[in-house]
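Both counts, for ligands and for their atoms, begin at 1 and track the order of listing. Given the structure is predicted, the values throughout are model-derived calculations rather than measurements.
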Amino acid sequence: MMEFENKDIQTWKDQYPLLNKLISLDEVFWLNPNIEKFQTGIKKLPLTQEDVSDAEERLNRFAPYIAKVFPETQKMNGIIESPLVDIPSMKQSLEQKEQQYILGKLLLKCDSHLPISGSIKARGGIYEVLKHAEELALQHQLLTIQDDYSILDSDRFRNFFSQYSIAVGSTGNLGLSIGIMSAKLGFNVTVHMSADAKQWKKDLLRSKNVKVVEYEADYSKAVEEGRIQADGDPTCYFVDDENSHDLFLGYAVAASRLEKQLEELEITIDENHPLFVYLPCGVGGGPGGIAFGLKLLYQDHVHCFFAEPTHSPCMLLGLMTGLHDKVSVQDVGIDNVTDADGLAVGKPSGFVGKVIEPLLSGNYTVSDEQLYKMLKELVDTEGIHLEPSALAGMIGPTKLYNEGIDYLLKHNLVEKMSKSTHIVWGTGGSMVPEEVMIQYYQKGLKVTLEKEK
Ligand SMILES: *Cc1c(COP(=O)(O)O)cnc(C)c1O
């Protein structure tokens, strides 16, 4: 990238010493020097609470339709939401293995078990498709916002939507969400898949009448090609993972849902009861949207950390250098090769990076070996199966205590930690085929045994 070439890499390393460790693929923990008090930070942002509420109301309007076409959502009345669960045995295991107490509660947010597409993308991805469908139907006066949206489950609407197409570039999970939802409504949908996308995801999409185009290159290339093809077709809507405000807002709705779940568990979040949230980060929309929603709700009482693979620390690099999407991990010689689906992203969203800059507490990296180790451990201790990327948040609490003490001191948190809550965001896994999950577990077992030798 041009910007990066203007200075030689040594100059960058002198300015940001952490870059040395990042390039050596060591795990790092970075505190964001640009975090601001919520009240000042929020004023700089292009999105507001009204935008998030608007997204939440739209999802409520679609709930009768979702309940009808995806029967697994009936017990939630068509609201696509995941459980928040206590993981005390995993907590104990982390404390032993990492030789570090975790003061406060440790909870897992199971977006791995979101209905329809089994990952965090069932928030943003599905929301964006629904919003586009609603816009088209309203424009053509086929629908009013007072209607019962279950009428969308009809040949009339499917025929209407079949005149339009939707396209997206994806490493896998976004493709699943956009593909499944779009096909269900009746759209023609094309998913442009990067080389690292798993075969079972492509097979699943094809079985649902989704067109899958495969690329030899990484995620950025798949997005670029998808965008070019969509640009040439006025009836085609391109879901732009790198810049989409709609995706971001769909994710942000998670916050008010989480608030209800915390209330049900009788967990208070306030000045004396801080909340720490650990979010796996790819291009940034998912974790960024959720962090944004949580900051609107809990302001300075919530502390959000992003987690990235050591081989794909794109958001950390973009935030640290202030270059955002003008720099890729490849520019500094990092290969962007990781087993963490959804996190194998070389270049972050510039839009998300700038929005999150005044709100984010920090960012850390985690090795693939560590992901596999924790994957196995979570199965053994809690019987919960996640995909490797979804475990990036799991090491957050011990990392915070081991390497983030400056943060706790600076924000007057040390005394409050025994009353704190840590939420690890488990971003995917329930749709992974059993034989693939067994391989993941075996890999975790192997890594664990090697480490113990
Ligand atoms: C996409 C994804 C993420 C990260 O979301 P981004 O919006 O790309 O940052 C995390 N975990 C899983 C399993 C994902 O599929």
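- Atom 2 (C) of ligand 1 has Lys121 NZ, 2.3 Å as its closest protein atom, hydrogens excluded (heavy atom only).
- Annotation: atom 5 (O) of ligand 1 to nearest protein heavy atom, Pro287 CD, 3.6 Å.
- Residue-ligand proximity, Gly282 to ligand 1, at heavy-atom distances under 4.0 Å covers atoms 4 (C), 6 (P), 8 (O), 9 (O).
- With distances taken over non-hydrogen atoms, the option nearest atom 9 (O) of ligand 1 out of Gly288, Gly284, Ala344 is Gly284.
- Remark: aromatic rings of Tyr237 and Phe187 are distant, center separation not under 6.0 Å.
- Judged by the shortest distance from any of its heavy atoms, Ala390 lies outside the 4.0 Å radius around the atoms of ligand 1.
- Some N or O of Thr427 is nearer than 3.5 Å to an N or O of ligand 1, by distance alone.
- A salt bridge does not link Lys347 with Asp325: every distance from a Lys NZ or Arg NE/NH1/NH2 to an Asp or Glu carboxylate oxygen is 4.0 Å or more.
- Only the side chain of Asn173 comes within 4.0 Å of ligand 1, judged by heavy-atom distances.
- For His385 and Tyr440, the gap between ring centers reaches or exceeds 6.0 Å.
- Aromatic ring centres of Phe248 and Phe351 lie closer together than 6.0 Å.
- Salt bridge present: Lys44 and Glu36 bring a charged side-chain N and a carboxylate O closer than 4.0 Å.
- Every N/O-N/O distance between Pro280 and ligand 1 stays at or above 3.5 Å.
- Side-chain contact between Lys201 and Val191 is absent, with no heavy-atom pair separated by less than 4.5 Å.
- Salt-bridge check for Lys399 with Glu27: passed, with a basic side-chain N closer than 4.0 Å to an acidic carboxylate O.
- In this structure, atom 8 (O) of ligand 1 lies nearest to the protein heavy atom Val283 N, 3.1 Å.
- Ring centroids of His303 and Tyr407 are separated by less than 6.0 Å, placing the two rings close together.
- Neither the backbone nor the side chain of Leu174 comes within contact range of ligand 1; no heavy atom lies under 4.0 Å.
- Closest protein heavy atom to atom 7 (O) of ligand 1: Gly286 N, 2.7 Å.
- In terms of polar-atom proximity, defined here as any N/O pair under 3.5 Å, Asp341 makes no such contact with ligand 1.
- With respect to the salt-bridge test (charged N to carboxylate O, under 4.0 angstrom), the residues Glu81 and Arg123 qualify.
- Atoms of ligand 1 found under 4.0 Å from any heavy atom of Ser389 (numbered from 1 in listed order, with element): 13 (C).
- When only interatomic distances are considered, the shortest N/O to N/O separation between Gly428 and ligand 1 does not fall below 3.5 Å.
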